[in-house]
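Note that the coordinates shown come from a computational prediction; the quantities given were computed from them, not determined experimentally. The figures that follow rest on heavy atoms only: side chains count, while hydrogens, waters and symmetry mates do not.
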Amino acid sequence: MARAIAYTEIGTPDVLQLINIPVPVAGPGEVVVGINAAGVNPLDAKLRRGARPSAPITEPRRVGFDGAGVVTELGEGVTGFAIGDRVAINNVLGTYATALAVPVERLVRLSDGVTMAEGAALGIPIGTAYQCLRSLNVSKGDTLLVHAGSGAVGQAAVQYATLWGATVIATGSPARFEQLRALGAIPVAYGDGLADRVREAAPEGVTVALDCIGTDEAIQASLELVEDRDRIATIVRGPDAAEFGIRAFSGGSPIPLTDEEVAWRDEAIALTVNLIEAGDFQIELGPELPLAEAARAHELIEQNGARGKIVLVP
Ligand SMILES: NC(=O)c1ccc[n+]([C@@H]2O[C@H](COP(=O)([O-])OP(=O)(O)OC[C@H]3O[C@@H](n4cnc5c(N)ncnc54)[C@H](OP(=O)(O)O)[C@@H]3O)[C@@H](O)[C@H]2O)c1
C-alpha cells in the first residue's frame with residue numbers, strides 16, 4: 001500500500017487523516033513519482049476549512065498540489081523522463097502522499113543543485129508570482145509594492161521583479177526585514193500608517209502593486225499609492241476586486257486566468273529551477289514535518305507560525 005493524507009469532511013486541521021491507498025499506477029502519459037517532499041500552501045488549508053468553494057466530498061479528498069520526488073514508473077507513451085529522474089510536481093492534487101501518478105506535463109526535472117524541499121516549494125507560489133508580474137507588465141523603471149513580501153509568493157515576486165530591474169517595496173513584519181533586504185527589496189512594516197511608510201520609502205511614487213495578503217489595509221494602501229488601477233492586483237480578494245476596480249488573479253476571482261497566464265504559471269517552474277541552480281534565486285525553507293503531521297502543518301500555516309516554506313516529508 002501507499003499512504004496519503006485525506007479528509008472526508010470540511011473542518012479544522014484534525015480532519016486530516018493518514019490513510020492507506022492502493023499503490024499508484026502510471027496511466028498513459030503519466031509517471032509515478034515516489035514523493036520525497038510535499039509543499040504546504042495556504043490554499044490546501046482554505047479548501048480543507050471550506051474557505052474556497054469546492055464540490056461535495058463523496059470520497060476521501062486528497063490534499064496538496066506541489067511536491068518533489070523521484071520517478072519510479074513510466075506509463076505508456078512517456079518519453080523524456082526515465083526511472084530515477086528527480087522531478088518537481090507542479091499543481092497536481094494529492095502530493096501529501098508517499099507516491100502519486102502525475103501527467104508528464106505537470107513535471108519539471110530538478111537539477112542536482114536543487115533540493116527536494118526546494119522543488120516542493122515551487123509550483124503554486126512561484127507560478128503565481130511570476131504570472132502576476134508578467135500580467136502587470138512589471139519591468140525596469142517600475143516601483144512595485146508587494147504586500148506580504150515575506151511570504152512564499154511575495155518572496156518570489158520580490159526576486160523576479162528585482163531581476164527584471166524594478167525597485168521593490170515589500171511589506172512584512174520587522175523580524176523579516178533582513179530576509180527581504182537580502183532578496184533586494186526595501187522592507188516596510190504592515191500595520192497602521194502603511195501608506196505613509198511606503199511613501200517615505202518610495203518618494204518617487206509606486207507604479208504597480210501586488211497584494212498577497214488580502215487585508216483591507218493592503219487594498220487601501222494600493223489604491224492610495226498607485227494611480228493606474230489596472231496595475232493593482234490581488235491574489236486573495238478575488239471576489240471583491242471588481243468593486244475596487246482592480247485586477248485579481250484566481251484567489252476566488254470569477255474571472256478565470258487567460259491561457260497565456262496559465263502558460264506563464266507553468267513556464268515559471270523550469271525557469272526558476274535554472275535560476276536556483278545558478279545561485280540567482282533563493283527559496284526560503286521552513287519546518288520539515290513528517291507526512292503524518294499534516295494537521296500540525298496546517299495549523300502553522302493558518303497561524304502564520306513558521307518562517308519559510310513548510311514541507312511534509314513522507
Ligand atoms: N490567487 C492565487 O493564485 C494564489 C496563489 C498562491 C497563494 N495565494 C494566496 O496568497 C496568500 C499568500 O500565500 P503564500 O503562500 O505567500 O503564504 P505564506 O507563505 O504563508 O505567507 C503569508 C505572509 O503573510 C504575511 N502577513 C501576515 N499578516 C499580514 C498582514 N496583516 N499584512 C501583510 N502581510 C501579512 C506574513 O508576513 P510576516 O511573516 O512577515 O508577518 C507571511 O509572510 C494566501 O492567502 C494564499 O492563499 C493565492
Side-chain angles (χ1 to χ4, degrees), residues 118 121-173 176-190 194-195 197-214 218-219 221-236 241 246-251 257 260-261 263-276 278-284 308-309:
E118 287 169 334
L122 298 176
I124 288 182
I126 300 292
T128 303
Y130 177 89
Q131 171 265 311
C132 289
L133 299 190
R134 293 292 301 263
S135 298
L136 290 165
N137 204 14
V138 171
S139 60
K140 195 171 162 63
D142 271 323
T143 297
L144 168 72
L145 170 61
V146 182
H147 297 280
S150 50
V153 180
Q155 290 196 31
V158 166
Q159 292 181 82
Y160 267 108
T162 306
L163 277 170
W164 297 343
T167 299
V168 185
I169 313 288
T171 73
S173 49
R176 313 293 285 124
F177 281 11
E178 203 176 312
Q179 172 68 5
L180 288 170
R181 280 194 199 100
L183 299 180
I186 301 164
V188 168
Y190 53 78
L194 172 62
R197 282 192 297 282
V198 175
R199 279 191 196 96
E200 210 171 298
E204 320 250 286
V206 175
T207 55
V208 52
L210 177 62
D211 162 40
C212 304
I213 185 67
I219 302 281
S222 296
L223 291 172
E224 261 185 62
L225 293 161
V226 179
E227 207 178 296
D228 181 356
R229 296 205 169 182
D230 236 24
R231 301 202 77 204
I232 303 176
T234 178
I235 59 167
V236 183
I246 64 173
R247 300 171 74 182
F249 302 116
S250 303
L257 297 177
E260 186 177 46
E261 286 168 341
W264 281 335
R265 286 194 178 207
D266 289 346
E267 85 180 25
I269 313 308
L271 281 174
T272 307
V273 167
N274 291 339
L275 287 170
I276 296 171
D280 293 331
F281 194 101
Q282 55 165 284
I283 301 285
E284 187 188 27
K309 174 59 68 178

Practice prompt. Please determine which of E267, E261, E260 meets the salt bridge (charged side-chain N to carboxylate O under 4.0 Å, His left out) test together with R134.
Written response: E267
Worksheet item: Between D142 and R231, is a side-chain contact (heavy atoms from CB on, under 4.5 Å) present by the stated rule, with each step listed?
Response: CA-CA 11 Å; D142 271 323; R231 301 202 77 204; 2.8 Å; yes
Worksheet item: Is the closest side-chain heavy-atom distance between L275 and L163 below 4.5 Å?
Response: yes
Worksheet item: Quick one: are V236 and I213 in side-chain contact, heavy atoms under 4.5 Å?
Response: no
Worksheet, complete the sentence: All heavy atoms of V158 vs all of G149, minimum pair found to be CG2-O, 4.2 Å
Fill in: Considering all heavy atoms, the nearest G123-I269 contact
O-CD1, 3.6 Å
Worksheet item: With under 30° as parallel and over 60° as perpendicular, where do the rings of F281 and Y160 fit, or are they tilted in between?
Response: tilted
Worksheet entry | Atom pair OG/CD1 of S222 and I232 - distance to nearest 0.5 Å | 5.5 Å
Discussion item. So, taking the atom named OG in S250 and the one named CG in L257, what distance separates them when rounded to the nearest 0.5 Å?
Written reply: 3.5 Å
Fill in: Closest contact, heavy atoms only, V206 versus A202
CG2-CB, 4.2 Å
Practice prompt. List the atom of T162, the atom of G184, and the distance in Å for their closest heavy-atom pair.
Written response: OG1-O, 4.1 Å
Worksheet item: How many angstroms lie between CG in L133 and OG1 in T128, if you round to the nearest 0.5 Å?
Response: 10.5 Å
Fill in: Shortest non-hydrogen separation from A201 to V188 and the atoms involved
CB-CG2, 3.9 Å
Fill in: Note, L136 side chain near R247 side chain (heavy atom, < 4.5 Å)
yes
Worksheet item: What distance separates L144 CG from T167 OG1, expressed to the nearest 0.5 Å?
Response: 9.5 Å
Practice prompt. With sequence neighbours excluded, tell me which residues meet side-chain contact (heavy atoms from CB on, under 4.5 Å) with P125.
Written response: N41, D66, A152, V153, K309
Fill in: Straight-line distance of L194 CG to I169 CD1, nearest 0.5 Å
10.5 Å
Response to the item:
When rounded to the nearest 0.5 Å, the distance separating CD1 of I126 from CD1 of I276 is 6.5 Å
Discussion item. Does any part of the side chain of T171, heavy atoms only, come nearer than 4.5 Å to the side chain of L145, both counted from C-beta?
Written reply: yes
Practice prompt. Can you see which heavy atom on Y190 is nearest to which on S173, and at what distance?
Written response: CE2-N, 3.5 Å
